[in-house]
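See below for the structure under consideration.
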Amino acid sequence: MIYSHDIIKKRILVTGATGLLGGHVLHYFKDRKNIQLLACSIEDSASLDGIDYVKCDITNRDEVKKVAYDFYPDFIINAAAYTNVNLSEVEREKAWKLNVHAVEYLAEVCRVLDAQLIHISSDYIFDGKNGPYSEIDKPNPVSYYGRTKLASENALKISGAIHTILRANVLYGTTGTGKKDFVTWLVENLMKNQQVRIVIDQVNNPTYAEDLVELMGKIILYQKHGIYNVGGLKFLSRYDFALMIADVFKLDPSLITPIKTEELNQPALRPLKSGLVTLKAEAELGYRPHELIETLFIIKRQLSL
């Protein structure tokens, strides 16, 4: 736990504040008295429990500069991204603008202001043939989304800005705002007795959002730079993850049909044998993720189920 007296008078700008990850970031930092938060997203307005908010399209360089120069942050947490993997194959320009150009604009203001950019990347920069992956494994994305995330990392590396890249996979957790995560989506469907098809050949170690955000707190506290992998303790298929969810929430597992990824005929390829090795974060930052089943009971309490 990072307490308010550990971080002295830090100004943090959070992009993508109305999304799943952005909501967790705001919740984690909002009660720390010596941190001043400014939340931004492309939404006209947002109800963020007293947190200062400004509309900003981060794909617009001038808007990024105005918001950043007015606020003068010590850190920018980029929780915004174009995450629809299939649509990225079609809406390539839109995906590139948000996942690459926006990162370049954020890095530019960080360089000018001597601020640090904390950016979220993905295991989709790898091909999924020989996972799990460490920070030094060679990227080889198989989808356009993966290419944009790798390009964002490369843009940061040559930007001259102080930065930290956190690679996550299968991010889950609920704040009551933003789009639904895998857990909430599955629970809602099973509660309606709807049949769902879940892939059995995609293996990851899902990242609990609160673990990721707590690691951000340590990044800020120790001002650590570079690349860190973030993920859970357990490596399992998406199907086995779904069965665990059904068990914890006391829902019917027979509604979950195992299939192979190729049966979905999706526009974008997926890395199959993936997941992220977190030894670096554990050794350098004391990263200790929750047990997977513990996180599911936490979410169950949060959803009042």
Side-chain angles (χ1 to χ4, degrees), residues 11-23 25 38-44 46 53-126 139-169 171 178-179 212 216 219 225-228 267-269:
R11 300 164 69 86
I12 303 176
L13 174 63
V14 182
T15 69
T18 56
L20 187 153
L21 178 58
V25 172
L38 178 62
C40 76
S41 80
I42 200 168
E43 306 293 333
D44 287 325
Y53 175 83
V54 61
K55 179 182 179 181
C56 179
D57 177 2
I58 63 171
T59 67
N60 184 310
R61 184 169 177 254
D62 290 335
E63 287 190 30
V64 171
K65 290 170 66 175
K66 184 180 188 314
V67 169
Y69 294 167
D70 285 348
F71 182 61
Y72 217 103
D74 298 293
F75 294 87
I76 297 178
I77 296 176
N78 182 28
Y82 188 101
T83 57
N84 191 312
V85 179
N86 288 327
L87 272 181
S88 292
E89 298 293 326
V90 179
E91 298 182 346
R92 293 193 169 197
E93 183 178 359
K94 188 175 180 180
W96 194 270
K97 280 183 177 180
L98 186 52
N99 290 351
V100 185
H101 287 322
V103 176
E104 293 172 337
Y105 304 151
L106 293 170
E108 180 183 2
V109 297
C110 282
R111 186 176 66 249
V112 172
L113 300 176
D114 199 28
Q116 181 173 339
L117 178 58
I118 299 175
H119 174 63
I120 311 304
S121 189
S122 168
D123 67 317
Y124 273 57
I125 68 168
F126 298 108
N140 183 34
V142 294
S143 66
Y144 191 77
Y145 168 75
R147 286 169 58 190
T148 67
K149 298 308 286 184
L150 178 57
S152 73
E153 291 192 14
N154 291 334
L156 271 179
K157 290 175 183 177
I158 65 173
S159 69
I162 305 167
H163 66 273
T164 307
I165 295 167
L166 301 178
R167 292 174 179 160
N169 67 134
L171 185 69
K179 76 172 188 178
L212 174 57
M216 291 180 190
I219 293 291
H225 311 149
I227 299 174
Y228 292 92
L269 295 175

Handout entry: F75 vs M216 side-chain heavy atoms within contact, under 4.5 Å
Key = no
Completion exercise
When rounded to the nearest 0.5 Å, the distance separating OH of Y124 from CG of L150 is 15.5 Å
Exercise for the section: Kindly indicate whether the side chain of W96, heavy atoms from C-beta on, has any atom under 4.5 Å from the side chain of Y82. Expected result: no
Exercise for the section: With rounding to the nearest 0.5 Å, note down the distance linking CD in E91 to NZ in K97. Expected result: 11.5 Å
Exercise for the section: Evaluate the side-chain proximity of L113 to Y69: yes if any heavy-atom separation is below 4.5 Å, no if none is. Expected result: yes
Practice task
May I have the step-by-step check of side chain to side chain contact (heavy atoms under 4.5 Å, CB included) for V64 and E104, ending in yes or no?
Solution key: CA-CA 10 Å; V64 171; E104 293 172 337; over 6 Å; no
Problem - Between N78 and T15: side-chain donor-acceptor atoms closer than 3.5 Å - result: yes
Problem - Intermediate values then yes/no, salt bridge (charged side-chain N to carboxylate O under 4.0 Å, His left out), K149 and E153 - result: CA-CA 6 Å; K149 298 308 286 184; E153 291 192 14; over 6 Å; no
Completion exercise
K66 meets the salt bridge (charged side-chain N to carboxylate O under 4.0 Å, His left out) criterion, sequence neighbours left out, with D70
Practice task
Decide whether a cation-pi geometry holds between R11 and F71; the criteria are a distance under 6.0 Å from NZ or CZ to the six-membered ring centre and an angle within 45° of the ring axis.
Solution key: yes
Completion exercise
When rounded to the nearest 0.5 Å, the distance separating CG of L13 from SG of C56 is 7.5 Å
Fill in the blank from the handout: Contacts of E63 meeting side chain to side chain donor-acceptor pair (under 3.5 Å) (sequence neighbours excluded), chain-then-number -> none
Exercise for the section: Any chance you could measure I118, atom CD1, to I162, atom CD1, to the nearest 0.5 Å? Expected result: 11.5 Å
Handout entry: Heavy-atom side-chain proximity of I76 to C110 below 4.5 angstrom
Key = yes
Problem - Residues Y105 and T59: side-chain donor-acceptor under 3.5 angstrom - result: no
Handout entry: Test ring pair (Phe, Tyr, Trp, His ring centres under 6.0 Å) applied to Y228 - qualifying residues, sequence neighbours left out
Key = none
Practice task
Could you please spell out the steps behind the side chain to side chain contact (heavy atoms under 4.5 Å, CB included) verdict for E89 and S143?
Solution key: CA-CA 7 Å; E89 298 293 326; S143 66; 3.6 Å; yes
Fill in the blank from the handout: To the nearest 0.5 Å, atom CD1 of I165 lies from atom CG of L117 at 8.5 Å
Handout entry: Atom pair CD1 (I120) and CG (N99), whose distance is rounded to the nearest 0.5 Å
Key = 12.0 Å
Exercise for the section: Would you sort out whether H163 and H119 count as a side chain to side chain contact (heavy atoms under 4.5 Å, CB included), showing the intermediate values? Expected result: CA-CA 7 Å; H163 66 273; H119 174 63; over 6 Å; no
